[in-house]
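A short worksheet on the structure shown next.
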Amino acid sequence: MNAPASASGSAGPVATAPPAPASAAAPAAAPAPAAAVRPVADAGPGTAAVPGGPTRRPAGPYRVPGAMLLLVAMMVLHTGGALATELFASLGPAGTTWLRLSIAAAILVACTGRSLWRVVRAAPRADLLGTVALGVVSAGMMLLFSEAAARLPLGTATALEFLGPLAVAVAGSRRPRELLWLALAAAGVLLLTSPWTGSASLVGVLFGLGSAACWAAYVIGTAHVGSRFSAQHGLALSLAVASVAAAPFGAPGAVAHLTWEVAAAAAGIAVLMPLVPFLLEMKALQRLSKTTYGTLAGLEPAVALLAGMVLIAQTPTVLQAAGTALVVTAGIGAARGEGRG
């Protein structure tokens, strides 16, 4: 779910108005004492220079910090992911994913309405193609993750998927020693999957690794699209494309087994995943540096493990808990290394 750093604005020079000509009928007023007017240069931020001292300007609209947006997005995302597994028996992983994508896209396109059409007509072709690519990558990421989560514990599937953005962070650091973070994450994945026991599904692991590759591309694509479109417009376009891209894999199974009860449950889960978290994440990416984003995203496997424990009773073993801790440590360490690089 990866980001241009937010720039801080600085106040420009303040132009002073020329003195008004004195009226011929009235005598010139005596100059005011120096202490009566505070120069503009002395006024602090958010103040105006007026006689008698600075006056506080009205405060601008409050912006929720990007870090808070991202943490909320993670919690909502993995809550939706855990609940979505309950629909796998009825619709299958691909059918559940397609239905959630389609409902989320329909809601967002309906909410953006005519403004979305105006944005599409005015956008350069290259930006639209970038959004289409993001939609295809999003569909692949969600389809592959759902297939992995159907065969592996939720925390394990998320840890495998997290290898994608972790690799992006290590590559961005340009320091050979940062490869140690990938090694640490690989050790964590080994503890999570325990291949020597044969308990983990090899197919599930492969699906998780495929999802990791898609998430790596999603990190780059989201930052690109988020810098050219508003969050709601960029997400509406990419989710619509993702729904179309996922249709051949999920639509047949979903339509064949759809009931009103299942449709209602899928609609509720679609709000939790992907609508709200993707929207929050795109907004967060517009306000966070890549280092901060990567540091916080390192918590994803732990949040997923907790959601699996609380919502669907997937209690981890000691080895799985230790593996998750190693992956989280590797993610945070790689993000900090990228920032120093």
Side-chain angles (χ1 to χ4, degrees), residues 1-9 60-81 100-101 104-105 107-108 111-112 119 127 130-131 133-135 137-138 141-142 145 158 161-169 172-173 211-212 214-239 242 270-304 306-307 327-328 331-339:
M1 309 180 114
N2 303 123
S6 58
S8 57
Y62 174 72
R63 282 167 57 92
V64 178
M68 185 179 298
L69 290 177
L70 187 58
L71 290 173
V72 172
M74 284 193 293
M75 290 187 288
V76 174
L77 176 70
H78 292 294
T79 297
R100 288 188 290 113
L101 278 171
I107 292 173
L108 205 50
C111 290
T112 51
V119 167
D127 291 347
T131 307
L134 177 62
V137 167
S138 300
M141 179 178 68
M142 293 185 64
F145 178 78
T158 303
E161 186 187 39
F162 183 67
L163 293 178
L166 177 59
V168 172
S173 69
S211 180
C214 289
W215 194 2
Y218 174 84
V219 169
I220 301 168
T222 300
H224 175 83
V225 172
S227 66
R228 285 158 175 78
F229 295 97
S230 66
Q232 62 268 26
H233 290 143
L235 187 59
L237 290 172
S238 63
L239 282 182
V271 174
L272 296 175
M273 178 190 181
L275 183 56
V276 170
F278 278 22
L279 186 61
L280 291 176
E281 186 171 65
M282 190 169 285
K283 285 184 174 293
L285 283 165
Q286 295 170 344
R287 304 179 189 183
L288 292 175
S289 67
K290 287 192 297 182
T291 302
T292 303
Y293 176 86
T295 302
L296 293 172
L299 300 174
E300 289 257 11
V303 175
L306 183 61
V327 174
V328 169
I332 295 175
R336 304 309 298 176
E338 182 187 16

T79: side chain to side chain contact (heavy atoms under 4.5 Å, CB included) partners, not counting sequence neighbours: L83, L272, L311
Residues which pass side chain to side chain contact (heavy atoms under 4.5 Å, CB included) with V328, listed by chain and number, not counting sequence neighbours: L299, P301, A302, T324, I332
Say you draw a straight line from [atom1] of [X] to [atom2] of [Y]; how long is it, rounded to the nearest 0.5 Å?
{"X": "L108", "Y": "H233", "atom1": "CG", "atom2": "NE2", "value": "8.5 Å"}
{"X": "L134", "Y": "T222", "atom1": "CG", "atom2": "OG1", "value": "4.5 Å"}
{"X": "M68", "Y": "L280", "atom1": "CE", "atom2": "CG", "value": "11.5 Å"}
{"X": "L69", "Y": "K283", "atom1": "CG", "atom2": "NZ", "value": "8.0 Å"}

Give the minimum heavy-atom separation between [X] and [Y], together with the two atoms involved.
{"X": "P277", "Y": "V76", "value": "CD-CG1, 3.9 Å"}
{"X": "H78", "Y": "A307", "value": "O-CB, 3.6 Å"}
{"X": "T131", "Y": "S238", "value": "CG2-N, 3.7 Å"}
{"X": "G234", "Y": "V225", "value": "CA-CG1, 4.0 Å"}
{"X": "V303", "Y": "M74", "value": "CG1-O, 3.8 Å"}
{"X": "L101", "Y": "P274", "value": "CD2-CG, 4.1 Å"}

pair [X]-[Y]: side-chain heavy atoms closer than 4.5 Å:
{"X": "E300", "Y": "E161", "result": "no"}
{"X": "L239", "Y": "S138", "result": "no"}
{"X": "Q232", "Y": "C111", "result": "no"}

Main-chain N/O of H224 paired to S227 side chain as donor or acceptor, under 3.5 Å: yes
